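The block underneath contains the structure these notes are about, expressed in C-alpha cells.
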2 protein chains.
Amino acid sequence: MGFQERKRQILKLLDKQESMEVQEIADALGISAITIRRDLQQLSEEELLIRTHGGAMKAPPKSPFTAFADKENVAVARKKQIGKLAATLVKPGDTIFMDCGSTVFTMCPHLKHITPLRIITNSLPIVAAFMEVEDIHVNLIGGELDKQRKAIHGERAVKHIESYHAAKAFIGADGLSARNGLTAFSETEAGISRAMIASANAVYLLCDSTKIGKDSYLKFAPLSDITALVTDPELPATQAAALKKKELKIYS
Amino acid sequence: MGFQERKRQILKLLDKQESMEVQEIADALGISAITIRRDLQQLSEEELLIRTHGGAMKAPPKSPFTAFADKENVAVARKKQIGKLAATLVKPGDTIFMDCGSTVFTMCPHLKHITPLRIITNSLPIVAAFMEVEDIHVNLIGGELDKQRKAIHGERAVKHIESYHAAKAFIGADGLSARNGLTAFSETEAGISRAMIASANAVYLLCDSTKIGKDSYLKFAPLSDITALVTDPELPATQAAALKKKELKIYS
DNA sequence: ATAGAAATGATTATATTTGATCGAAAATGA
DNA sequence: TCATTTTCGATCAAATATAATCATTTCTAT
C-alpha cells in the first residue's frame, strides 16, 4: 500500500471516527506507528486533519468550489427540505432568478429534471451544479467576484439583473419577521436580492425556521414584496400565525 | 496493444480500483513495469490520474470549472511555456483582460504572485484559479453560460466588456497567418476577443506554433490590432519571418 | 525491402519510503 | 512540583521505487 493510498485510508477512518490515536490507526492499517505519525504530520500540513498529541482529529470541513462556509453548515437537513419543496414551485419552461444563499442552493439537485429551464443567477456554486446538465440554460450575472460568498456582487451585477425579467425569483434572507420584513447581513447581497424582487413576477423567500422571528441589521424588503415563504415544518405556530396575519402565504 | 489503448485500459482499471500499484497494473495488462511507469507519468502530466510512489490513484473528480475539454490536451507543454512567458508581461497593479482559451489559462499559476492585480475575464476556470488568492481582484463578465467552453458568451458579455478599460488584454486564436491575421472557429468567442481588443491599450496574442501559418474559418482581427505575439520556441523561422515582415513583435 | 523513428524492455545508479532506535519534549497523576 | 509514562523528532539502515541509459523490437514511410 502506497503513501497516498494510506493517506486516503486515514482520512476515511477519521471521517467515521471523529478522532483517533496514532496506535489505533497503525493497528487498523497494519503499519508502524512511526509511519503513521509522519503521515499525520503531512496531512495536518495540508490541513486535511488536525494533529493532536497522540493522535488526530477530523478537520473542519474545507470549502472547495461547491461547498459553503462553516456558518452555513447549521441546519443542513432543514435547508434540504426547503430546497426540495421550493423546487416543486418550478415548472418546465420557467425562467427563474436564484440568489447566492446556501438555502437556495439546495434546490439544485431537484431542478435537474425540470427541463427546459432558464436560470439567472449570481451564484457560482449554482453555475457549477448545472454545468453538466444539457437542458438547463444558465445566465450568469456579471460583476465583481466575491470570493467568500462565491458569488458576483456590485453595481454592475444589479444593472445586469435589472435588464432581465423572470417569472419567479428564489431568494434567501438572514432574518424574517412580521415587524421588519426581510433583513440581511450584507449590503451587497441585499442589493442583489432587491433587484431580483423588482424584476420577477413571483418572489419566493427560502428561509429556515431558525431565522424566522429574528432580524438581521439591514432591512431590505417588506413582507408584501414576497409571494410566499418556503420554510421547514419546525416553524413555531406563533411565528406562523404572526406572518399569516400579514397575509403571507407559507409553504412548509 | 498500442500506446493509446493501454492508457485507456489503465484508466479503466483505476476507475474501478481507486488505486493500484505499478506491478499490479503491469500484471493485469501483461506488460513490463517500466512501460507502465512511463504511461503513468504521461497520464499524470495530463492530470488524468495521480501518480504516487509505487503506483497511481484515480484522479479526484475535477471541479466542474477547472477542467478543460480533451482537445485541449494537445501541446500541453508548449502552452505552459507560453503561459509562463506571457505572465512576465504583467506587472503589479495592472488591470488585464483574459479570454477563455486554454493557452491563456496557463498564465494563471504564474500570476498568483503578481499582486495587486485586477483581472476581467469571461472564463470560469480562470475564476476558479484565483478563488483563493487574496490580492487578485476578479471581475467576471456576465451573460450566457457556454457549458462546453466553461465561459460566458453572448451580446450582454460583449456589452459588459465594452464598459471597461484595461491596460493589457491576453487573448487566444485558433489560427494566425500573415495573410489573414487572427482567425477563430467560433463566432461567439471571436466577439469576446474583438471586444477585449477594442478596450485594451496593449493586446497580446497567445498562440502556440502549431496554429501559426494556419487559418481557421472566421477572420476576426487584423495583425495590426495586436501589440505582440507570445508563442513557443518551436515556431518555424519562415513563419516568424513572414510575421515580422508585417511588423509584428514576437516573444518566444 | 530498408532506413529511420518510435516504442518497449533490461540494467544500473539514484531517490524515496519505511521502520527502528534514542534522546528530548509533553502530558498525566500524585 | 516532581516523577512517570507516553509521544515526538531526528538520524540511520534496509527495502523499494524511480530515472537514466542503452539495446532490442516494432512500426512507418519511402
Side-chain angles (χ1 to χ4, degrees), chain A residues 1-14 17-59, chain B residues 1-60 70-71 73-81 208-210 213-214 232-238:
Chain A
M1 177 172 41
F3 172 68
Q4 307 283 352
E5 170 65 9
R6 213 171 41 233
K7 273 188 177 176
R8 259 184 6 91
Q9 301 250 18
I10 292 173
L11 290 172
K12 207 160 78 183
L13 281 171
L14 269 175
Q17 299 269 80
E18 204 67 37
S19 90
M20 292 186 80
E21 292 180 9
V22 170
Q23 197 53 55
E24 211 178 335
I25 302 173
D27 292 346
L29 302 183
I31 214 138
S32 79
I34 176 72
T35 301
I36 296 297
R37 255 187 236 114
R38 268 191 284 243
D39 291 347
L40 293 184
Q41 158 137 25
Q42 293 194 29
L43 287 167
S44 79
E45 274 167 17
E46 293 171 45
E47 302 191 339
L48 297 170
L49 52 72
I50 300 204
R51 189 76 170 86
T52 65
H53 218 82
M57 281 166 51
K58 201 192 319 199
Chain B
M1 176 172 41
F3 174 68
Q4 303 289 344
E5 171 63 11
R6 211 172 44 234
K7 272 189 177 176
R8 261 187 2 92
Q9 300 250 20
I10 292 174
L11 290 172
K12 207 161 78 184
L13 280 171
L14 268 175
D15 215 36
K16 295 181 203 143
Q17 298 269 85
E18 202 68 36
S19 91
M20 293 185 79
E21 293 180 10
V22 170
Q23 196 53 56
E24 213 177 333
I25 302 174
D27 292 347
L29 302 184
I31 212 138
S32 78
I34 176 73
T35 300
I36 296 297
R37 255 185 232 116
R38 271 191 281 244
D39 291 348
L40 293 184
Q41 161 139 25
Q42 292 193 30
L43 287 167
S44 82
E45 271 167 20
E46 292 172 45
E47 302 192 340
L48 298 171
L49 52 72
I50 302 217
R51 189 76 170 85
T52 67
H53 226 83
M57 284 168 55
K58 203 197 306 202
D70 286 342
K71 71 142 196 164
N73 276 338
V74 292
V76 183
R78 257 197 280 262
K79 287 182 180 181
K80 284 185 180 165
Q81 272 186 300
D208 68 78
S209 57
T210 63
K214 309 222 168 98
D232 57 88
E234 278 154 77
L235 177 65
T238 56

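These numbers come from a predicted model, not from an experiment. Every chain is numbered from 1 and lettered A, B, ... according to where its sequence line falls, protein lines coming before strand lines.
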I want to check something: taking the side chain as every heavy atom from C-beta on, are R38(A) and I34(A) in contact at a cut-off of under 4.5 Å? yes
Check the distance between dA7(C)'s P and K7(B)'s NZ and give it to me in whole angstrom. 10 Å
Separation of Q4(A) atom CD from dT17(C) atom P, in whole Å? 9 Å
Go nucleotide by nucleotide along DNA chain D from the 5' end; which of Q41(A) and H53(B) gets its closest nucleotide reached first? Q41(A)
dT16(D): pairing nucleotide in any strand, Watson-Crick or G-U under 3.5 angstrom: none
Just the rounded figure in Å: distance from C1' of dC27(D) to CD of E5(B). 17 Å
May I ask you to verify if any side-chain N or O of R37(B) is less than 4.0 angstrom from the OP1 or OP2 atom of dT8(C)? no
Once you round it to whole Å, what is the distance between C1' of dT8(C) and CD1 of I10(B)? 14 Å
Nearest whole Å is fine: how far is dA19(D) P from L40(B) CG? 10 Å
Is it the case that atom CD in Q4(A) sees more than 12 heavy atoms from other parts of the structure closer than 6.0 Å? yes
Answer yes or no: does a side-chain N or O of R51(A) lie under 4.0 Å from OP1 or OP2 of dT7(D)? no
Write down the distance between CD (E21(B)) and P (dT17(C)), rounded to a whole number of angstrom. 14 Å
Side-chain N,O (S32(B)) to OP1/OP2 (dG9(C)) below 4.0 Å: yes
Under 4.0 angstrom between R6(B) side-chain N/O and dT8(C) OP1 or OP2: yes
Decide, for dA15(C), between syn and anti: a glycosidic angle within 90° of 0 counts as syn, anything else as anti. syn
Assess whether one donor atom and one acceptor atom, taken from the side chain of R38(A) and the base of dG9(D), lie less than 3.5 Å apart. no
Calculate the interatomic distance between I31(B) atom CD1 and dT26(D) atom C1'; express it in whole Å. 12 Å
With a 4.5 Å cut-off on side-chain heavy atoms, are L13(B) and M20(B) touching? yes
Using salt bridge (Lys or Arg N to Asp or Glu O under 4.0 Å), reason through K7(B) and E46(B) one step at a time and then give a plain yes or no. CA-CA 11 Å; K7(B) 272 189 177 176; E46(B) 292 172 45; 2.9 Å; yes
Donor-acceptor under 3.5 Å (K214(B) side chain, T210(B) main chain): yes
May I have the distance from Q42(A) (atom CD) to dC8(D) (atom P), rounded to whole angstrom? 15 Å
